[in-house]
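Keep in mind it's a predicted model, so treat the numbers as computed, not measured.
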Amino acid sequence: MKPTTLPLLSLPVLGLPLLASSMTTNYEEGRSYAVSIASSSNTETDTELSMDGQPMEGRGNMGGPSERSFSCSYTDTVLTSDAGAPLRVRRSFDEIEGRSMVERRGEPVESEQDSAFEGLTLVLEEVDGEVQITVEDGDEPEPERLDGFGLTLMLDALLPEDDVEVGGTWEVEASAFETALAAGMAGRIMDRPAPPEGGEGRRGRGRRRGGEQGRGGDALARLFSGDFEWTVEATLTDRTEEFGGVECVVITLEAEMQGNVPERERTGGRRGGGGDAVRAPSTPAAGTVSVELEGELLWNTKQDFPARLTVTGTVESEERRSRETERGYFEMNRSSTTEVETTIEIAVPTGDDDESDD
C-alpha cells in the first residue's frame, strides 16, 4: 500500500503536528505491536414449522438464543523491513479463548474452546512475494490453519490509498474489511469443540483441529464468502480522541450488505427429534441476509499506526424451506437477528518506541 499523506492545509483543522501528516504504519526494525482482538455475537432465532398449514410444536432443537465470543492477543515484532515495509515478523500468541452458549430444548448448552495457537510463536517472512511461515516455538499446526496470516497489521487494510482531506471519503473493499475485522481468524486458530455431554447447563471442551464449528464469536466470517456484495465507506473526520495517552484522528466507517443465501440441499438424520418431516430429503433452502455495521478507527498521530477499531451492528437473516413428505406438506420459516461487536486494539509496548516521545 502506498503512503497516504494528509494535505498540509488540513493539519491546522485537526490540530496535528506536521510529522503526523502521513497515514503509513511505522514498521521500523525492532518495533513491536501488541494486538488484542475481542468479538462477540448474540443471536435470537424464531422458527415456525407447519404441516399442511397447521403449526407443529415441540420439534426440538429448532431455535432459541445463542451467544458466542472470541478473544485473542498476540505481539508482532518487526525483525526486518525495507523502505517502510515489513519483510520478516515474529508473531507470539498469548491468551486465546472461545466461548459459546446455545439453548436446546429450553436448556443452555455451554462450551469453551481451546486453541493450539496459545503460546505459539511464528516467524512470517516475505519470499518472492509470498508469505512463508515457520514455527519458532511450539507445536506446528495443520498447514491450512496458517492460511490468511500476513506481515502487516490487520487494521492497515482500512487506510486510504490516495490523498484525503478532512471530510473526504473512500471505499473499502470487502476483502480489506474482512481482513480488518479478523473475520475467519477464530475459525482457523480455535480448536473444534467436542460434542457436549449430557446434563443441565451442559459443557464441552474443545479438541485440537480447526474448522467452521470452531469460529467462536466470528458471526461475520461466512458473510464474506460467496456472492454477497458489501458496501463499506470510510470518512476522515475533524475529530480527535485520546487513546493510550495519545491524541488520535477519528475515521468513521459505515458498512452494509444485502444478499440471498445460496440454495443448499439438505438431507438429514435425526436432529432434535424432528420426525419424518425433518428427516426426509428436502428441496433447496432459500433465504436472505442483510448486515448494517458502523464503527470508528483511531489513527495514532504520534507513533504512526492504527490504534483501535470498534465495530457494532446487526445481522438479520430469513430462511424458508418446504417439501412434500409422507405425512403431508412441510414448511419451515426461520428468522434470526444477531447483534455483533468487534474491538481490536493495538499498542506499542512501553520502552519499545522511546524515540517517539522526543
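Checked by atom type, the side-chain pair Ser73/Ser36 shows no donor-acceptor distance below 3.5 Å. Looking at Ser100 and Ser111, their side chains do bring a donor and an acceptor atom within 3.5 Å of each other. Between the side chains of Tyr329 and Ser322, at least one donor N or O lies within less than 3.5 Å of an accepting N or O. At a cut-off of 3.5 Å, with distance as the only test, a side-chain donor of Thr47 or Arg334 sits close to an acceptor on the other residue. Ser115 and Asp191 are not linked by any side-chain donor-acceptor pair at a separation below 3.5 angstrom, with hydrogens and angles left out of the test. With no hydrogens or angles considered, a side-chain donor-acceptor pair links Thr314 and Glu339 at under 3.5 Å.
To the nearest 0.5 Å, atom CZ of residue Phe93 and atom CD of residue Glu118 are 11.0 Å apart. Expressed to the nearest 0.5 Å, how far OG1 of Thr301 lies from CE of Met23 amounts to 10.5 Å. Distance check: Met190 CE to Asp114 CG gives 7.0 Å after rounding to the nearest 0.5 Å. We find the OG1-CD distance between Thr43 and Glu103 to be 13.0 Å, quoted to the nearest 0.5 Å. With values rounded to the nearest 0.5 angstrom, Asn42 atom CG is found 12.0 Å from Thr337 atom OG1. Note that OG1 of Thr342 and CG of Leu309 are 7.5 Å apart. Values are rounded to the nearest 0.5 Å.
Side-chain atoms of Glu48 and Asp46, non-hydrogen and from C-beta on, do get closer than 4.5 Å to each other. For the pair Leu159/Thr25, a side-chain contact is recorded, criterion being any heavy-atom separation below 4.5 Å from C-beta on. Side-chain contact between Glu233 and Glu171 is present, with at least one heavy-atom pair separated by less than 4.5 Å. The closest side-chain heavy-atom distance from Phe228 to Val289 is below 4.5 Å. In this structure, the side chains of Thr252 and Leu236 stay at 4.5 Å or more apart for every pair of heavy atoms. Counting heavy atoms from C-beta on, the side chains of Cys248 and Trp299 never come closer than 4.5 Å.
A donor-acceptor distance shorter than 3.5 angstrom exists from the side chain of Thr237 to the backbone of Val250, with no hydrogens or angles considered.
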Query raised in the report: Between Trp230 and Phe224, does a ring-ring contact (aromatic ring centres under 6.0 Å, His included) hold up when you go through it step by step?
Result: CA-CA 8 Å; Trp230 284 82; Phe224 286 99; 4.5 Å; yes
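Listed by chain and number, the residues in a side-chain contact (heavy atoms from CB on, under 4.5 Å) with Leu87 are Thr80, Asp82, Glu126 (sequence neighbours excluded). Taking Phe243 as the reference, nothing meets the ring pair (Phe, Tyr, Trp, His ring centres under 6.0 Å) condition, with sequence neighbours excluded. Under the ring pair (Phe, Tyr, Trp, His ring centres under 6.0 Å) criterion, Tyr27 pairs with no residue at all, not counting sequence neighbours.
If you chain together hydrophobic residues whose side chains sit under 4.5 Å apart, Ile346 and Leu298 never meet in one group. Taking hydrophobic clusters as Ile, Leu, Val, Met, Phe, Trp and Tyr residues chained together by side-chain heavy-atom distances below 4.5 Å, Val131 shares a cluster with Leu153.
None of Val123, Val35, Leu124, Leu120 except one satisfies the side-chain contact (heavy atoms from CB on, under 4.5 Å) rule with Arg91; the exception is Leu124.
Stacking of Arg188 on the aromatic ring of Phe149 is recorded, both the 6.0 Å distance cut-off and the 45° axial limit being met.
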